[in-house]
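Shown next, in structure tokens, is the structure this report addresses.
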Amino acid sequence: MLPYFTDIYGNPSSVHSIGRDAKRVIDTERAKIAEILGAKPREIFFTASGSEADNWAIKGVAAANRKKGNHIITTSIEHHAVLHTCQYLERQGFEVTYLPVDSYGKVSIEDVEKAVRKDTILISIMHANNEIGTIQPIAEIGELAKSKGIPFHTDAVQTTGTIPVNVKDLNVDMLSLSAHKFHGPKGIGVLYARNGRIGDNLIHGGAQEANKRAGTENIPYIVGMSTALQLAVENMEENRKKVQMLRDDIISFVLNNIDHVRLNGHPTDRLPGNANFSFNYIEGESLLLMLDMKGICASSGSACTSGSLDPSHVLLAIGLSHEVAHGSVRFSLSDENTQEDVDYLKEALPGIVKTLRNISPLYNGRKEGNNHV
Amino acid sequence: MKKEYYLDNGATTRPYEEVVDLVANISKNCYGNSSSLHTKGIEAERIINQAKEDLANILGVKPSEIYFTSGGTESNNMAISGSIMANRKKGKHLITTKIEHSAVLEVFKHYEAEGYETDFISVDESGKVNVDELLRAIRKDTVLVSVMAVNNETGCIQPIKEIGDKIKTLKDKPLYHVDAVQAFGKMPIKPQSFGADLLSISGHKFHGPKGVGVLYIKTGTKIEPVMWGGGHQGGMRSGTMDTPGIAGLALAAKMVYSNLDATGRKISELRRSLLDFVKDKFKDAVIHSEHCSLDHIVSISFPNVKGEVLLHHLEAKGIYVSTGSACSSSGKSKSHVLKAMGVAPELLDGTIRISFSEFNEQEDIEKLKEALEEIIPVITIKNRSKVMR
């Protein structure tokens, strides 16, 4: 990124060569990203984040199709960038169906089909869940949406760079991604839109991004995102194998060595680096703090909601009780993690769980046969 | 590499070395998600809080009133859309001016198309907003007034304090937004003294990074988010925070304001040197907003010259200027700002904007003077036709 701060510092909208140099860089990177996603360059729109891409896709289609209908289909386990946008639209008079998921976190095609109405203007279903890692049958849902003539958006923020993401294979009309999830910079994302067709604009102003997304382009971050995506894709298979091996090591260790624990998410259709457990009788937050003291960074639920005390909407949707949901922790691995990291975690985790359970009234209550505490 | 004489700092600026180093360093070492509860997250959150505090100090406001965005355009959109949506019950009347940046104008046009009544206030021939006309336009159902602090094409400083002082005294007062994208870093910007409820800033206009901006929101302002999601920044603007960009913006702000007086003196001299030369050599050239402009921006029309031709001839000599604003330059339409000022149609095409930053030196101006003296006579249409005869 560095040369693009100091050497190519122009405003891509300027007509002189310093501006044109910047414009050329953007065009080149746009084409590279398009190729990786199986898209055309004019179908790639740069945004400031995955959240913006989700907001734009959903609000844009909703605003542009108000006359056609006001029904939107999504799921109960979407990221908040989708969920809260849909809730906002509900306050504006739109109707939203939040599809349920099974105990593994999967959406059923039948449920999608049943939810479709004459006035349905959009289906938005995430590619893989950020908390429990479950991968959805996007290509099949896309097929269905196509046959019904309904625009289909997927939030691929968690999957891009991790597993293959090709807009043609996935049968999607719109797709959101975020660079910082694949070792790119924070503050940059993409909205893919088939044939460049999005609904109304979200950010109005200058003529950037084919008159669809105003704002001076963030060239260093665009280059950073493109480079990170190329690296991620080049090494995807190798990384997937490595990360999956480490992840499976954690899963089998935890399930074999710690009692009263549950693996959340799908056993096979899940992100390679995701392991989400519910440790009964303890608070996920306390577990996190003790892991942190040992230099291990994990999370309870998603980072975005970590400030809140409400249990994860995803864990509740797969049928966990509030109590069990509260005791959940997500370990998300990337190719930068090593066996050493995993061994360190394996060494630390049982002791921490034991310590926390020893001070847990719930756990002690259980031992006395009193589950009501 | 050929030497560059970059005189288009109104479009964007080269970031400070220190800013680039900081952005790189934080990207490498403090990569946590500021929403995460663990140490890496807290480290990022601390950097963001420090940036908020630094900006609050510069603006004379509270850190809790600082919100980070992806740039000036998003700040303007968030301020305008957010306050319109939150105050739907109050009314459907909006006020802005004819000379705003497209990131303001286009948002108002969008709401106009949605059925909002919008007054676009005119300016006088110097490019200054007509305060009386604006104040007369305010009604009980006016939701928002939006005025830029400094015009990006002419540099004309707008009477934002005068307008804010009047709005303050009204009973059913509308929200007041100031687009300070072109002004911040070039003059003291104190939203409270302007009476502003909302104020927009963009990082890359003062040697900070692109892709990051600020929206000041006065405590208690009735405004709704545009970006929904994880509830970042108190729910006002969802999206993972760009820690390196935010820190880079704050550092650039501190640096530019610690040097404000010295830079101001330097740029004032560069301006005077250029204007004296233009007045001496090109008697019929028109300098726009000469007496209300910030020193940093010079807008000149040369009769019978095509601005774009002049721009490319200057470019061939390594001198970079612009015609109008960068953001509309791909749109090819004539400047809405100069038109609003009543500039004669034959002058509209012949206008260039020269905009300075602290990185400019007298040498740049000498080079520009030399180039103008050489190019203008050659490309002036009248002269060319004489030669052809």
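Proteins come first, then strands; the chains are lettered A, B, ... in the order of their sequence lines, and each starts at number 1. Bear in mind that the values here come from a model prediction, so they are computed numbers and not experimental data.
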So which of A:C86, A:S49, A:G295, A:A214 has the biggest tally of heavy-atom pairs under 4.5 Å with chain B?
A:A214
Contacting region of B:V212 [heavy-atom separation from chain A under 4.5 Å]:
neither
So what's closer than 4.5 Å to chain A heavy atoms on B:M241: side chain, backbone, both or neither?
backbone
Okay, B:D242 and chain A: the region with an atom under 4.5 Å from a heavy atom over there is both
Which atoms of B:S34 come close to chain A, meaning under 4.5 Å heavy atom to heavy atom: side chain ones, backbone ones, both, or neither?
neither
Are the side chains of B:L251 and B:M255 in touch, meaning some heavy atoms are under 4.5 Å apart?
yes
Residue part contacting chain B, namely of A:N55, when any heavy atom lies under 4.5 Å:
side chain
If we check side chain to side chain contact (heavy atoms under 4.5 Å, CB included) with A:M174, which of these qualifies: A:D155, A:T154, A:V61?
A:V61
Looking only at the side chains, is there a donor atom on one of A:H16 and B:D8 sitting less than 3.5 Å from an acceptor on the other?
yes
Going by atom types alone, do A:H183 and A:D335 pair a side-chain donor with an acceptor below 3.5 Å?
yes
Identify which part of A:Q87 has an atom lying under 4.5 Å from any heavy atom of chain B, answering side chain, backbone, both or neither.
neither
Would you say that more than 12 heavy atoms from the other residues, nucleotides or ligands in this model lie under 6.0 Å from the NZ of A:K23, or not?
no
Heavy-atom cut-off 4.5 Å, strictly under: side chain, backbone, both or neither for A:L291 against chain B?
neither
Interface moiety of B:L105 toward chain A, non-hydrogen atoms closer than 4.5 Å
neither
So which pairs with a foot in residues 12-31 of chain B pass salt bridge (Lys or Arg N to Asp or Glu O under 4.0 Å), sequence neighbours left out?
none
Please classify the contact of A:I18 with chain B as side chain, backbone, both or neither, using a heavy-atom distance under 4.5 Å.
both
If you draw the axis of the six-membered ring of A:Y221, does the NZ or CZ of B:K210 fall within 45° of it and under 6.0 Å from the ring centre?
no
Just to verify, what does A:F46 make a ring-ring contact (aromatic ring centres under 6.0 Å, His included) with, not counting sequence neighbours?
none
I need the residue from B:T243, B:I246, B:V226 with the largest number of non-hydrogen atom pairs under 4.5 Å to chain A.
B:V226
Sort A:A298 into side chain, backbone, both or neither according to what part of it lies under 4.5 angstrom from a heavy atom of chain B.
backbone
